[in-house]
Participant: 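Sharing a structure with you now.
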Amino acid sequence: MRILHTGDWHLGKTLEGRSRLAEQEQFLEELVQLADDQQADLILMAGDVYDSVNPPAAAEQLFYDAAARLTEGGRPMVVIAGNHDQPERVSSITPLVSNRGITLIGMPVSDVVTTVSARTGETAKIAALPYPSEARLNELLALDGDEDQLRRAYSERVGMLMKRLAHAFTPDTVNLAMSHIYVLGGVECDSERPIQVGGAYTVDPSALAVGASYTALGHLHRAQAVKGEGVIRYSGSPLAYSFSEAGQAKSVTMIDVAPGGSPVIEEVFLTSGRPLVRWKAKGGLEEVYRWLDEDRDANAFIDLEITLTEAMGLGDIQRLRKSRDGIVHIRPVYPEMEALELEIERSRIPLPDLFRKFYQRQTGGAEPEDQLVQLFLELVEEEDQDAAEVSGA
């Protein structure tokens, strides 16, 4: 049986207010073509269909259309809810799609294993566990325990549920597991929200030792294998959703496996979507304008850091914004500003006053316009928010 493992579509997600729907539609077109070209017998979608519990109608339409096309000709598809999904929303259309071979699982249960038959005649049994939050497990963890105790309790609960599901495995079926969890050893990115990875929500790989030939995971956006019994793998997200994913090659995973056999894994790389890149212009604005004239990373979203010796004017900032719609962040770095930041630590100078002091030094005493001060504060706030995401992830 040939299985296509994907996940973390996050349909409806934006990047700093910029829509990604066109890129997501492009990815789903590529996925349908890839499933046909690779002769996939089964599609596993490991959660986070949407980016929010109340996705836009256009995002729902993308999912419905893709699911219909992926299952044409009798190919089954199994979808679980992730932490970003509203479980009832994911499973609500089950009566309309179950006769097409589409299985939608919103809530974690321990007594219903998913059984699907492929066009090859092989049967797969899937221990499928949607994102198991405390609320969805209907069990509160001890509030007075330390982090290690919480992690063990949560991991043990997930392991118990997976073992119950795996009781339905048989020697003559392709036995698979699927969940949307953070397994110890996985490498996360900024775009996985900090409260939902790590800490008490970490699962030990031993919890997935249930006899599955392959365990398909969702939640982490970097495609990667996790050490444990059997083959445990995150397919990763199909698009880069934060600048911490800059430079990552996005992919889906193809698995060839027979009942009782060892799976053969192939990572199939995707071409859809706009890349996310980081520019560090040590040569200042002149270097940035040269890169723009060269059409460097013409189709990319850009996180721009510029080393400057003089304060940027409003005209420069507006020109950069207009020159390329893909410039998302502009972060000026002033070597002299770093020295002044030490002053603020010592004297607690308010940040607006610190910037005015810096500007006056650079311009021979000129007072910056209020609009320029406000723009500087907005840029600092953007950087602080990014730093908070990184430290919390």
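Positions are given from 1, in the same order as the sequence printed here. The shown structure was predicted, so the numbers you read here are calculated from the model rather than taken from an experiment.
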Participant: When rounded to the nearest 0.5 angstrom, what is the spacing between CD in Glu23 and CG in Leu28?
Facilitator: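 Nearest 0.5 Å value for the CD-CG distance: 12.0 Å.
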
Participant: Can you list every salt bridge (charged side-chain N to carboxylate O under 4.0 Å, His left out) pair that touches residues 75-84, not counting sequence neighbours?
Facilitator: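 Found Asp36-Arg75.
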
Participant: Using side chain to side chain donor-acceptor pair (under 3.5 Å) as the criterion, list what pairs up with Ser235, not counting sequence neighbours.
Facilitator: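 Applying side chain to side chain donor-acceptor pair (under 3.5 Å) to Ser235 gives none.
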
Participant: Tell me the side chain to side chain donor-acceptor pair (under 3.5 Å) pairs involving residues 87-108, sequence neighbours left out?
Facilitator: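 Non-adjacent pairs meeting side chain to side chain donor-acceptor pair (under 3.5 Å): Asn54-Arg89, Glu60-Arg89, Gln86-Glu88.
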
Participant: Tell me, with the steps shown, if Glu266 and Thr253 meet side chain to side chain contact (heavy atoms under 4.5 Å, CB included).
Facilitator: CA-CA 6 Å; Glu266 180 186 2; Thr253 304; over 6 Å; no

Participant: Residues in side chain to side chain donor-acceptor pair (under 3.5 Å) with Ser206, at least two apart?
Facilitator: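 Side chain to side chain donor-acceptor pair (under 3.5 Å) check on Ser206 returns Asp204.
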
Participant: Do side-chain atoms of Glu30 reach the backbone of Thr271 as a donor and acceptor pair under 3.5 angstrom?
Facilitator: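 Judged by distance alone, yes, a pair lies under 3.5 Å.
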
Participant: Please enumerate all residues that pass side chain to side chain contact (heavy atoms under 4.5 Å, CB included) together with Arg164, with sequence neighbours excluded.
Facilitator: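 Only Ser110, Met160 meet the side chain to side chain contact (heavy atoms under 4.5 Å, CB included) criterion with Arg164.
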
Participant: Side chain to side chain contact (heavy atoms under 4.5 Å, CB included) with Val264: which residues, sequence neighbours excluded?
Facilitator: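 By the side chain to side chain contact (heavy atoms under 4.5 Å, CB included) rule, Val264 matches Asp256.
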
Participant: Apply side chain to side chain donor-acceptor pair (under 3.5 Å) to Asn175 and list each qualifying residue two or more places apart in sequence or on a separate chain.
Facilitator: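 Result, side chain to side chain donor-acceptor pair (under 3.5 Å) vs Asn175: Thr173.
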
Participant: Restricting to side chain to side chain donor-acceptor pair (under 3.5 Å), what partner residues turn up for Asp37, sequence neighbours left out?
Facilitator: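 Asp37: side chain to side chain donor-acceptor pair (under 3.5 Å) contacts with Gln33.
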
Participant: Can Arg356 and Glu367 be said to form a salt bridge (charged side-chain N to carboxylate O under 4.0 Å, His left out), step by step?
Facilitator: CA-CA 7 Å; Arg356 289 188 176 93; Glu367 185 72 21; 3.5 Å; yes

Participant: Measure the CG-CG distance between Asp85 and Asp51 for me, rounded to the nearest 0.5 Å.
Facilitator: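 The distance works out to 9.0 Å.
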
Participant: Report, as yes or no, whether the 6.0 Å neighbourhood of atom CG on Asn299 holds more than 12 heavy atoms from other residues, nucleotides or ligands.
Facilitator: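 Yes - once you tally the heavy atoms of other residues, nucleotides and ligands closer than 6.0 Å, there are more than 12.
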
Participant: Checking salt bridge (charged side-chain N to carboxylate O under 4.0 Å, His left out) for the pair Glu305/Arg331: CA distance, chi angles, key distance, verdict?
Facilitator: CA-CA 5 Å; Glu305 181 181 289; Arg331 252 190 341 276; 3.6 Å; yes

Participant: Only counting residues at least two apart or in another chain, list the ones meeting side chain to side chain contact (heavy atoms under 4.5 Å, CB included) with Gln39.
Facilitator: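 Checked Gln39 against side chain to side chain contact (heavy atoms under 4.5 Å, CB included); zero matches.
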
Participant: Test of understanding: with ring-ring contact (aromatic ring centres under 6.0 Å, His included), list the residues that count as partners of Phe27, not counting sequence neighbours.
Facilitator: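 Testing Phe27 for ring-ring contact (aromatic ring centres under 6.0 Å, His included), a comparison that skips the adjacent residues, returns Trp9.
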
Participant: For Glu294, I'd like to know if atom CD has over 12 heavy atoms of other residues, nucleotides or ligands within 6.0 Å.
Facilitator: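 Check passes, neighbour count above 12.
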
Participant: Taking the ring centre of each residue, are His219 and Tyr234 less than 6.0 Å apart?
Facilitator: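 Judged by ring-centre distance (under 6.0 Å), His219 and Tyr234 do not meet the cut-off.
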
Participant: With distance as the sole test, does Gln38 use its side chain to make a donor-acceptor pair with the main-chain N or O of Leu34 at under 3.5 Å?
Facilitator: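 Answer holds: no.
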
Participant: Any chance the rings of His329 and Phe243 have centres within less than 6.0 Å?
Facilitator: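 Distance test on ring centres: under 6.0 Å, yes.
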
Participant: Between Arg274 and Asp325, does the salt bridge (charged side-chain N to carboxylate O under 4.0 Å, His left out) criterion hold? Intermediate values first, please.
Facilitator: CA-CA 12 Å; Arg274 297 176 66 171; Asp325 67 352; 3.6 Å; yes

Participant: Taking the six-membered ring of Tyr289 (Phe, Tyr or Trp), confirm whether the NZ or CZ of Arg319 is under 6.0 Å from its centre and within 45° of its axis.
Facilitator: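 Pair Arg319/Tyr289 counts as cation-pi.
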
Participant: Given Thr202 and Val183, is the side chain to side chain contact (heavy atoms under 4.5 Å, CB included) satisfied, shown in steps?
Facilitator: CA-CA 6 Å; Thr202 303; Val183 177; over 6 Å; no

Participant: In chain order, what residues pass the side chain to side chain contact (heavy atoms under 4.5 Å, CB included) check against Thr307, with sequence neighbours excluded?
Facilitator: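 Partners of Thr307 under the side chain to side chain contact (heavy atoms under 4.5 Å, CB included) test: Lys282, Val333, Pro335.
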
Participant: Which pair of non-hydrogen atoms, one from Pro352 and one from Val373, has the smallest distance, and what is that distance?
Facilitator: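 For Pro352 versus Val373, the nearest heavy atoms are CB-CG1, 4.2 Å.
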
Participant: Give me the other members of the hydrophobic cluster that Val78 sits in, counting Ile, Leu, Val, Met, Phe, Trp and Tyr linked by side-chain heavy atoms under 4.5 Å, directly or via other members.
Facilitator: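 Reading the cluster by chain and number, Val78 sits alongside Met1, Ile3, Leu42, Leu44, Ile80, Ile105, Val116, Ile126, Val174, Leu176, Met178, Tyr214, Val231, Ile255, Val257, Ile265.
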
Participant: Which heavy atom in Met45 sits nearest to a heavy atom in Asp48, and how many Å separate them?
Facilitator: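 So the two residues come closest at CE-O, 3.8 Å.
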
Participant: Counting only N and O atoms by type, is there a donor-acceptor contact under 3.5 Å from the side chain of Lys250 to the main-chain atoms of His221?
Facilitator: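 Answer holds: yes.
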
